[in-house]
Amino acid sequence: MKVLTGNDLKTGDVIWWTGSGWSRHVDDAVDVGAQVDEILATEEAARRVNVPYVTEATREVDGSVRPAHIKDRVRALGPTVRPDLSLKPKDPEALDWII
């Protein structure tokens, strides 16, 4: 599958395309398929995302999304120097600090 990722223009957070918007959680990412050029054009024009790009990924049996490239796996999980700061999947408080 092909997923779309980039950085939130306001916060700098790594974000993933969900089919209708953006999420900080890679597991919310959907396959963009042939729609990628249209999505990229729309999102870049709306200035919601910085440097969006497509990357390969697989959806695991448990439903989680695993980017194919190590760079994107690191981007999906958060800081590697302090595991306690890693983004936890489906963390209900993940966006509290932004608002």
Side-chain angles (χ1 to χ4, degrees):
M1 77 189 270
K2 293 180 184 202
V3 297
L4 184 59
T5 185
N7 291 85
D8 183 276
L9 199 56
K10 291 181 182 177
T11 65
D13 291 339
V14 174
I15 52 177
W16 305 87
W17 181 251
T18 67
S20 61
W22 295 94
S23 173
R24 292 178 65 208
H25 303 286
V26 67
D27 291 341
D28 294 337
V30 297
D31 188 357
V32 293
Q35 301 170 336
V36 68
D37 290 333
E38 180 182 329
I39 296 167
L40 280 171
T42 301
E43 292 302 307
E44 286 180 318
R47 301 191 190 278
R48 286 185 278 262
V49 62
N50 187 38
V51 193
Y53 65 94
V54 177
T55 187
E56 292 289 328
T58 57
R59 184 161 308 272
E60 303 295 317
V61 176
D62 66 358
S64 64
V65 174
R66 185 169 198 261
H69 195 279
I70 187 69
K71 175 188 103 174
D72 294 309
R73 282 186 232 146
V74 170
R75 290 179 77 246
L77 295 176
T80 58
V81 294
R82 296 241 344 245
D84 60 312
L85 298 177
S86 294
L87 184 62
K88 309 297 186 270
K90 306 299 181 192
D91 182 352
E93 298 177 9
L95 293 177
D96 287 350
W97 63 272
I98 295 174
I99 299 171

Which heavy atom of Ser64 sits nearest to which heavy atom of Asp62, and what is that distance? OG-OD1, 2.7 Å
When clusters are formed by joining ILVMFWY residues with side-chain heavy atoms under 4.5 Å apart, either directly or through shared neighbours, do Val26 and Val3 land in the same one? yes
Taking Ile15 as the starting point, is it possible to reach Leu77 by hopping between hydrophobic residues whose side chains are less than 4.5 Å apart? no
Heavy-atom closest contact (Gly6 atom, Val49 atom, distance): CA-CG2, 3.8 Å
Co-membership, hydrophobic cluster, residues Val30 and Leu4, 4.5 Å side-chain: yes
Test Asp8 against Arg24 for side chain to side chain contact (heavy atoms under 4.5 Å, CB included), laying out the working first. CA-CA 9 Å; Asp8 183 276; Arg24 292 178 65 208; over 6 Å; no
Between the side chain of Arg66 and the main-chain N/O of Arg73, is any donor-acceptor distance below 3.5 Å? no
Heavy-atom closest pair (Asp31 atom, Met1 atom, distance to 0.1 Å) is N-CE, 3.5 Å
Considering residues, nucleotides and ligands other than Glu60, do more than 12 of their heavy atoms fall under 6.0 Å from its CD? yes
Exercise: identify the closest heavy-atom pair between Asp72 and Pro67: CB-CB, 3.6 Å
Minimum side-chain heavy-atom gap Thr5-Trp17 below 4.5 Å: no
With rounding to the nearest 0.5 Å, note down the distance linking CG in Leu9 to CD in Glu44. 11.0 Å
His69 side chain to Lys71 backbone, donor-acceptor under 3.5 Å: yes
One should read off an interatomic distance between Arg48 CZ and Asn50 CG, to the nearest 0.5 angstrom, of 14.0 Å
Restricting to non-hydrogen atoms, name the atom on Lys2 and the atom on Val54 that form the minimum distance, rounded to 0.1 Å. CB-CG1, 3.6 Å
Is the Trp16-Trp22 ring centre distance short of 6.0 angstrom? no
Which atom pair, heavy atoms only, marks the closest approach of Val65 to Ala57? CG1-CB, 3.8 Å
